[in-house]
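What you see is a predicted model; the values in this text were computed from it and never measured. All residue numbers refer to positions in the sequence shown, counting from 1. All heavy atoms count here, side chains included; hydrogens, waters and symmetry mates do not.
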Amino acid sequence: MAPISGAHFIIFPFMSQGHTIPLLYLGRLLRQRSIAVTIFTTAGNSPLIRAILQDTDIKLVELLFPKEIDSVPPGVENTDKLPSMASFLPFAIATKNMQHDFEEAIQNLQPVSCLISDMFFGWTQQSAAKFGIPRLVFSGMGIFSTTMCQILSIDRPHAGTVSPDSPFFIPDFPQLKLTRNDFDPPFCDIEPTGVWVDFMVEQVLAMAKSHGLVVNSFYELESSYVDYWNHKIGPKAWCVGPLCLAKPPSIAAVEKPLYMKWLDGKSAKGVPVLFVSFGTQAEISEEQLHEIAKGLEKSQVSFLWVLRSKGVEYLQGVENRGLIVKEWVDQMEILQHKAVKGFLSHCGWNSVMESLSANVPILTFPMMAEQHLNARLVAEEIGVGLRIIPSNGSVRGFVAAEEVEKMVKELMEGVKCKAVQRKVEDIRDTACAATEEGGSSWRTLNFLIDDVCRKRLSQSYSRSPKNEEFLGRQDLRSINSI
Ligand code: UDP
């Protein structure tokens, strides 16, 4: 396929690490194909972005982050610095105030071939339409969870359930059994209402009007859900991942971080290590953290725990076999270290992609957002991990130390671990093949570039029946405002 001369993509990631990092890797992949790339961010977020992109000529445009947002402390420009998740929605809604500056900047950057912006920036659909630029939406989620969330809101297969733990089936996927507790409040309610619902409806409407979705996954991993989405829901999903495989090797630091030296020591002695991390957003009670620590300690397994929870300075009893790290780490590099043989993870989608790409099985401990659906996919659908079950038997609830201990041992040395390890190896190989020249993600990215750059925008909108039905059901006033 001939390179597109003069193509220029602008990328606007949401200010959360899990939404920003994969889009920076996508920027690299575009740049490797001679596409000019400009990334939009804010002053508070640009240092990390500049560090990750230091070896590229990708341009950065800094917009002013809105001031005086209710419950967001001054100076906070990333959701990982929010005092609690209760501030997430005011933070996300306030980004609408960036629209004027955003559009002024686009005006100065013309010609622009395509806008890739976060799902939470539904308002950018209006900006893209003003300039006649196709918008691709990035949500940070895989296509299985995206599809399940849409099926829940359109087909309502959960409508007859009596309790949040009652199983229900998805008619088009009879092998799947979900519960309302697999979805975050308020979406687990049969008739969800409130500000979160209003906000998400706005984002989904904007997505339905967009040119497509760019997805950090690969076709072979979620093929039946990709096909279903593209035929029955839409707009078209383009799987171009795992994007973490576009991460270049770390630039050798003068001195290795302590945690990498610690891992070197473990591998020199042939000691397998469990990596433990619950991402950048999850709020975990102190009681739950202590229970996890107790379980890890009793498991007798060596572990490296990246603990970003605020206010927990000391955890009893974990110093002997474990290393607790409080700083920002290179998670991908840790997962790729030969000592690391398992990952106790909250199942943020990037962590899932990174773990599978590094050939590391996952012990799932989902907490929020779409992580429960990711955990189902990992443990039940694909078989690349095992699942920790809360004491109440639901998918949500307090997890006892004994369960942590039992499942950590099972993942690291139990009878089931061999089959899981074999499956992970298969998936890792498929993921690598997908991103290599000629692979499914490699080709999809080329098709996507060709599609947005060569086709006339008016010809390339594709609406599917469910998408139309969803749009049709919404209040006309809110549609017109997007
Ligand atoms: N991450 C990292 N170092 C850290 C903490 C997180 O590199 O110390 C990265 C991690 O590799 C992943 C992202 O931050 O790319 C977190 O995204 P994920 O979807 O796993 O979880 P979230 O934080 O969004 O819940």
Side-chain angles (χ1 to χ4, degrees), residues 242 244-245 247 249-250 256-279 289 291-307 315 317-327 329-348 350-366 375 378-379 382-389 399 401-429 431-432:
C244 59
L245 287 173
K247 176 184 186 295
S250 309
K256 267 191 189 182
L258 179 85
Y259 59 83
M260 290 306 283
K261 287 191 198 162
W262 185 84
L263 286 175
D264 289 346
K266 292 289 174 190
S267 92
K269 291 190 205 135
V271 176
V273 173
L274 177 77
F275 176 51
V276 184
S277 172
F278 303 113
L289 281 174
E291 206 70 5
I292 296 168
K294 214 159 53 168
L296 287 171
E297 184 63 13
K298 283 170 135 185
S299 73
Q300 305 287 314
V301 163
S302 286
F303 60 89
L304 168 57
W305 187 353
V306 178
L307 184 55
L315 283 174
V318 295
E319 274 97 317
N320 299 338
R321 222 173 350 272
L323 179 68
I324 294 185
V325 181
K326 296 267 178 97
E327 79 242 36
V329 298
D330 186 335
Q331 177 168 302
M332 191 65 191
E333 197 171 43
I334 290 177
L335 285 165
Q336 285 169 330
H337 195 285
K338 55 182 186 290
V340 175
K341 302 291 184 202
F343 184 9
L344 172 55
S345 169
H346 70 312
C347 293
N350 295 292
S351 292
V352 171
M353 284 292 98
E354 290 163 15
S355 202
L356 299 184
S357 302
N359 194 20
V360 176
I362 302 169
L363 185 54
T364 70
F365 198 133
V378 161
I382 316 177
V384 286
L386 301 177
R387 187 142 199 191
I388 282 194
I389 305 287
V399 174
E402 292 68 32
E403 172 74 2
V404 175
E405 177 194 353
K406 184 179 96 186
M407 294 313 293
V408 164
K409 282 187 188 154
E410 190 63 50
L411 186 83
M412 299 299 276
E413 59 209 31
V415 282
K416 289 185 197 153
C417 77
K418 292 271 178 306
V420 169
Q421 182 59 60
R422 272 195 302 276
K423 188 71 195 171
V424 179
E425 221 167 297
D426 270 7
I427 297 287
R428 188 270 318 262
D429 291 348
C432 292

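Separation of atoms CG (Leu356) and CZ (Arg428) is listed at 11.0 Å; rounding is to 0.5 Å. Here Phe343 contributes atom CZ and Phe365 contributes atom CZ; the two are 13.0 Å apart, rounded to the nearest 0.5 Å. With rounding to the nearest 0.5 Å, the separation of NE2 in His337 from CG in Asp264 is 4.0 Å. Here the CZ-NZ distance, from Phe303 to Lys266, works out to 10.0 Å after rounding to the nearest 0.5 Å. Between atom OG of residue Ser299 and atom NZ of residue Lys294 there is a gap of 13.5 Å, rounded to the nearest 0.5 Å. For the atom pair Leu323 CG and Phe275 CZ, the distance stands at 11.0 Å (nearest 0.5 Å).
Contact annotation: the side chain of Leu411 never approaches that of Val301 to less than 4.5 Å [non-hydrogen atoms, C-beta and beyond]. In this structure, Glu410 and Val415 have side chains that are in contact, with non-hydrogen atoms separated by less than 4.5 Å.
Nearest approach of Pro361 to Val420, heavy atoms of both residues: CB-CG1, 3.6 Å. Listed here is the closest heavy atom pair of Met353 and Pro242: SD-CB, 3.9 Å. The minimum heavy-atom distance between Ile292 and Val404, with the atom names listed, is O-CG1, 4.0 Å. Shown here for Ser355 and Leu335, the closest heavy-atom pair between the two residues is N-CD1, 3.8 Å. Considering all non-hydrogen atoms of both residues, Ser345 and Phe278 come closest at C-CD2, 4.3 Å. For the residue pair Asp330 and Tyr259, the shortest heavy atom distance occurs at N-OH, 3.1 Å.
A salt bridge links Glu403 with Lys406; the closest basic N to acidic carboxylate O contact falls under 4.0 Å. The pair Lys298-Glu402 meets the salt-bridge criterion, since a charged nitrogen lies less than 4.0 angstrom from a carboxylate oxygen.
Of the possible polar contacts, none joining the Lys416 side chain to the Glu413 backbone as a donor-acceptor pair under 3.5 Å is found.
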Requested in this report: Could you walk me through whether Gln336 and Asn359 pass the side chain to side chain donor-acceptor pair (under 3.5 Å) test, one step at a time?
Outcome: CA-CA 8 Å; Gln336 285 169 330; Asn359 194 20; over 6 Å; no
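Remark: of the listed residues Val399, Thr364, Val408, Val399 is the sole one forming a side chain to side chain contact (heavy atoms under 4.5 Å, CB included) with Ile388. Considering Val325, Ile324, Leu304, Leu296 as possible partners of Val276, the one that fulfils the side chain to side chain contact (heavy atoms under 4.5 Å, CB included) test is Leu296.
Enclosure of atom NZ in Lys261 by more than 12 non-hydrogen atoms of other residues, nucleotides or ligands within 6.0 angstrom is indicated.
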